[in-house]
Amino acid sequence: MGEARGGPRRGTRVCSAGVPPCTPWQGPDSVAAAVTVTGRAWPRAGTAGTPLAGDMAQGGAGVAKRLGTLLSGLLECGGFCGIIFGWASLVFVLKDLGYFQELCQPSTNLTELPGCSRQDEEFSLVFTIGSFMNNFMTFPTGFIFDRFGTTIARLVAISLYTGGTLLVAFSTPALAVLLFPAMSMLSVGGMLLILTNTQVGNLFGKYRSIIITLYNGAFDSSSAVFLIVKVLYERGLSLRTMFLFMAACSAWHLLRTLFLMPRSRIPYPLPPAYDYGLRCPGRSQSYRTYEEKRPPEETGPEETPLEPSAPTGALGTLADLRASVLSLVVTVTQCVLFSICAAVPVLPVQFGTFVLQVLSRSFLYGGNAAFLAIAFPPQHFGKLYGLAMALSALVALLQYPCVTLVRGPLDGDPFYVNVGLIAVVLVAFVSPVVVARKCRQLAKDLGAAGTPLTAPPSAETPTELPH
């Protein structure tokens, strides 16, 4: 096993005497699916047919650590990231405390309630700005994630989140204007937290799309946090106490950043013996290549230049893209059904509309993140995801001219606007068609290059290492 401690240099083929031609290893950023240990092909952790225990044998992150990262990430996304979308429950508490109450018009007699439409508009403006920042600011925060890595991005997110909770905690009816920066900071910080969590799916190989979707579902579920705040307020707990507790939870976010998240980002496919997080005081390690681990005086086996060949993780990309076609079709179909149900002016149908809205939103955001992770290089994920969210924020602004159009020229009849929106959603069926054509072209190219479209038997069952 002397050769296993060192390893091949980047872009070389390692062969030992009397051993058949060996498998190329192209460094930690390669899409090749196997590494060479004493001339034998050993599948990379996280690929199909490879047990996760393979990393534990080589000192990498074990199953317990990966599951801890997964579950703690679900708790983080479900308890903190998207709480602004439960704004309606928090408004009940803020109204009871007298926020923006000076905007209410006094009643003219005892039988009339005071007119508080301006107060409602102010609360609506707080949410509108916060939700807009939630999507639009994802592009610059995604650039921060791509440029500076996970640790820096999460520190920025934790700072924003802590600042937002403290602003709410120390706000008063006289300082109700603090709600505007507070909600914006909470939304941007929460979005950056889930952006750093989407890479956790890379730890679980072919299940990463499912995990990314789970995280997006947990993000939507976090809107229930403000409902819990409302219930606890009715039981006698003060708003300041609850938001100070939420601010104190930032210590947990910080510990998770140090011990259960990488310093830069989680690669895909995972390199052998991959580990992450702080392992000992003053030392943080994501992973080190075999070149870094090899002692200077050690000489490896004979090295020959790497011959050009179609990489195997290309096969993995093809399989992932093929799987994403069905996901795209289901997502667009749900969005079309939701648009149709929303256009039907029948009350019982609207119950189905709410169900479809929840399902389609989860598929839309989760599928978008999963597709970007599959189809594009990981070093650009943050920027691309942020760009998609920023565009969605700009499209959301079209609701105001649509409402103006319905109230004005259409005399309150939204039929033509609904039909136009359904037609626009139908255009989204172009996306799965384009991806399917790309899959066929990629399969054709790999076949022309002589690459088998199924993994060789040796890649399914790891060869036993000599003792």
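Each residue takes its place number in the sequence, starting with 1.
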Engineer: For a quick test of reading the model, state the closest non-hydrogen atom pair linking C81 to S222 and the distance between them.
Structural biologist: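 Heavy atoms of C81 and S222 come nearest at C-OG, 4.0 Å.
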Engineer: Is there a donor in the side chain of S324 and an acceptor in the side chain of S327, or the other way round, less than 3.5 Å apart?
Structural biologist: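 Absent: no donor and acceptor within the cut-off.
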Engineer: Could you tell me whether the side chain of F371 reaches within less than 4.5 Å of the side chain of V435, counting heavy atoms only?
Structural biologist: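 When only atoms from C-beta onward are counted, F371 and V435 do touch, with a gap below 4.5 Å.
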Engineer: Can you tell me how far apart SG (C341) and CZ (F351) are? Round to the nearest 0.5 Å.
Structural biologist: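 Going from the SG atom of C341 to the CZ atom of F351 covers 13.0 Å.
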Engineer: Specify the closest pair of heavy atoms between S72 and L260, including all atoms of both residues, with the distance to one decimal.
Structural biologist: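 Taking every non-hydrogen atom into account, OG-CD1, 3.7 Å.
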Engineer: Can R361 be said to sit on top of F85's aromatic six-ring, NZ or CZ under 6.0 Å from centre and within 45° of the ring axis?
Structural biologist: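 Geometry flag: set, cation within 6.0 Å and 45°.
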Engineer: To the nearest 0.5 angstrom, please state how far the CD1 atom of I158 sits from the OG atom of S250.
Structural biologist: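 It comes to 6.5 Å.
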Engineer: Output yes when a side-chain donor or acceptor of Q199 lies under 3.5 Å from a complementary backbone atom of I266, and no otherwise.
Structural biologist: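 It does hold such a pair.
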Engineer: Evaluate the side-chain proximity of M183 to F127: yes if any heavy-atom separation is below 4.5 Å, no if none is.
Structural biologist: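 Counting from C-beta outward, F127 and M183 never come under 4.5 Å.
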Engineer: Considering non-hydrogen atoms only, spot the tightest contact between G130 and S184 and give its length.
Structural biologist: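 Looking at all heavy atoms of both residues, the shortest contact is CA-OG, 4.1 Å.
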Engineer: Hey, are E76 and R154 close enough for a salt bridge, meaning a charged N less than 4.0 Å from a carboxylate O?
Structural biologist: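 Yes, this pair counts.
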Engineer: Could you report the tightest heavy-atom contact between I212 and A373, atom names first, then the distance?
Structural biologist: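 Answer, listing the atom of I212 first, then A373: CD1-CB, 4.2 Å.
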Engineer: Using a 3.5 Å distance criterion without hydrogens, assess whether the side chain of D146 forms a donor-acceptor pair with backbone atoms of G382.
Structural biologist: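 Yes; at least one donor-acceptor contact below 3.5 Å.
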Engineer: Determine the minimum heavy-atom distance between V225 and G78, stating which atoms define it.
Structural biologist: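 For V225 versus G78, the nearest heavy atoms are CG2-O, 4.2 Å.
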Engineer: What I want to check is whether the side chains of Y99 and S171 have a donor and an acceptor closer together than 3.5 Å.
Structural biologist: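 S171 and Y99 do have a side-chain donor-acceptor pair below 3.5 Å.
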Engineer: Less than 4.5 Å apart, any side-chain heavy atom of Y385 and any of T138?
Structural biologist: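 Contact flag for Y385/T138 side chains = yes.
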Engineer: So how far is it from F381 CZ to F376 CZ, rounded to the nearest 0.5 Å?
Structural biologist: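 Between F381 CZ and F376 CZ, I get 11.5 Å after rounding to 0.5 Å.
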Engineer: Does atom CZ of F226 have more than 12 heavy-atom neighbours from other groups under 6.0 Å away?
Structural biologist: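 Yes.
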Engineer: Please check if the side chain of Q441 supplies one atom and the backbone of A436 the other of a donor-acceptor pair under 3.5 Å.
Structural biologist: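 No: the side chain of Q441 does not pair with the backbone of A436.
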Engineer: Decide side chain to side chain contact (heavy atoms under 4.5 Å, CB included) for I83 and M246; before the verdict, give the C-alpha distance in whole Å, the side-chain angles of both, and the deciding distance to 0.1 Å.
Structural biologist: CA-CA 11 Å; I83 61 174; M246 294 171 65; 3.7 Å; yes
Engineer: Is any side-chain heavy atom of V325 less than 4.5 Å from a side-chain heavy atom of L321?
Structural biologist: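 Side-chain contact under 4.5 Å: no.
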Engineer: Is it the case that the side chains of T69 and Y276 hold a donor-acceptor pair, with the cut-off being a distance below 3.5 Å and no angle test?
Structural biologist: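 A pair is found: one side chain offers a donor N or O, the other an acceptor, under 3.5 Å apart.
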Engineer: Does NZ or CZ of R208 fall inside the cone over Y268's six-membered ring, less than 6.0 Å from its centre and within 45° of the axis?
Structural biologist: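 The answer is yes, since R208 meets both limits relative to Y268.
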Engineer: Would S209 and I374 count as a side chain to side chain contact (heavy atoms under 4.5 Å, CB included) here? Give the steps.
Structural biologist: CA-CA 9 Å; S209 296; I374 291 169; 3.6 Å; yes
Engineer: Answer with yes or no whether the side chains of T150 and R265 bring together a donor and an acceptor at under 3.5 Å.
Structural biologist: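 Note: R265 and T150 side chains miss the donor-acceptor criterion.
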Engineer: Hey, what do you get for CG (L337) to CG (L359), rounding to the nearest 0.5 Å?
Structural biologist: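 With rounding to 0.5 Å, CG (L337) is 10.5 Å from CG (L359).
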Engineer: For R147, does the CZ atom sit with more than 12 other heavy atoms under 6.0 Å from it, leaving out its own atoms?
Structural biologist: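 12 or below, so no.
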Engineer: Hey, are D220 and Y365 close enough side-chain-wise for a donor-acceptor pair under 3.5 Å?
Structural biologist: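 Note: Y365 and D220 side chains miss the donor-acceptor criterion.
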Engineer: Show me the donor-acceptor pairs, under 3.5 Å and distance only, between side chains in residues 405-421 and residues at least two apart or in other chains.
Structural biologist:
from : atom 1 : to   : atom 2 : distance (Å)
D413 : OD1    : F415 : N      : 3.2
N418 : ND2    : P414 : O      : 3.2

Engineer: Please examine the side chains of I129 and F132, heavy atoms only from C-beta on, and report whether any two atoms are closer than 4.5 Å.
Structural biologist: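 F132 vs I129: side chains apart.
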Engineer: So does L356 get a backbone contact from the side chain of S360, meaning a donor-acceptor N/O pair under 3.5 Å?
Structural biologist: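 The answer is yes, because a donor-acceptor pair under 3.5 Å joins these two groups.
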Engineer: Please report, to 0.1 Å, the donor-acceptor pairs under 3.5 Å made by any side chain of residues 395-402, with sequence neighbours excluded.
Structural biologist:
from : atom 1 : to   : atom 2 : distance (Å)
Q399 : NE2    : A396 : O      : 3.1

Engineer: So for atom CZ, which belongs to F429, do other residues, nucleotides or ligands contribute more than 12 heavy atoms lying within a distance under 6.0 Å?
Structural biologist: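 Enclosed.
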Engineer: Are any side-chain N or O atoms of N197 and backbone N or O atoms of L193, one a donor and one an acceptor, separated by less than 3.5 Å?
Structural biologist: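 A pair under 3.5 Å: yes.
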Engineer: Counting only heavy atoms not in F143, do more than 12 sit closer than 6.0 Å to its CZ atom?
Structural biologist: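 Incorrect, the count does not exceed 12.
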Engineer: Any side-chain heavy atom of Y215 sitting closer than 4.5 Å to one from I210?
Structural biologist: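 Answer no - side chains too far apart.
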Engineer: With heavy-atom distances below 4.5 Å as the criterion, would you say the side chains of L167 and L186 are in contact?
Structural biologist: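 No; the side chains remain at least 4.5 Å from each other.
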Engineer: Looking at every non-hydrogen atom in both residues, tell me the closest pair between S264 and F145 and how far apart they are.
Structural biologist: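 Minimum heavy-atom contact is O-CE1, 4.4 Å.
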Engineer: Got a second to check how far L74's CG is from F219's CZ, nearest 0.5 Å?
Structural biologist: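 With rounding to 0.5 Å, CG (L74) is 14.0 Å from CZ (F219).
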Engineer: Roughly how far, to the nearest 0.5 Å, is the OG1 atom of T141 from the CE atom of M389?
Structural biologist: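 Separation between the atoms: 9.5 Å.
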Engineer: Tell me, with the steps shown, if L239 and L94 meet side chain to side chain contact (heavy atoms under 4.5 Å, CB included).
Structural biologist: CA-CA 9 Å; L239 182 69; L94 297 174; 3.9 Å; yes
Engineer: Would you confirm whether N134, through its side chain, and V188, through its main-chain N or O, come within 3.5 Å as a donor-acceptor pair?
Structural biologist: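 No, N134 side chain to V188 backbone: no donor-acceptor pair under 3.5 Å.
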Engineer: Between E122 and R118, is there a salt bridge with N-O shorter than 4.0 Å?
Structural biologist: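 The answer is no: the pair does not qualify as a salt bridge.
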Engineer: Using a distance-only test with no angle check, is there a side-chain donor-acceptor pair under 3.5 angstrom linking T331 and Q334?
Structural biologist: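 No donor-acceptor contact under 3.5 Å links the two side chains.
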Engineer: W87 side chain to T128 main-chain N or O, any donor-acceptor pair under 3.5 Å?
Structural biologist: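 No: the side chain of W87 does not pair with the backbone of T128.
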Engineer: Does Q101 CD have over 12 foreign heavy atoms under 6.0 Å away?
Structural biologist: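 No, not enclosed.
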Engineer: May I have the step-by-step check of side chain to side chain donor-acceptor pair (under 3.5 Å) for T241 and S238, ending in yes or no?
Structural biologist: CA-CA 5 Å; T241 300; S238 69; 2.7 Å; yes
Engineer: Would a 4.5 Å heavy-atom cut-off, applied to side chains only, mark T162 and H253 as touching?
Structural biologist: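 Side-chain contact under 4.5 Å: no.
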Engineer: Run the numbers on L175 and T172 for side chain to side chain contact (heavy atoms under 4.5 Å, CB included), then give the verdict.
Structural biologist: CA-CA 5 Å; L175 294 173; T172 62; 3.7 Å; yes
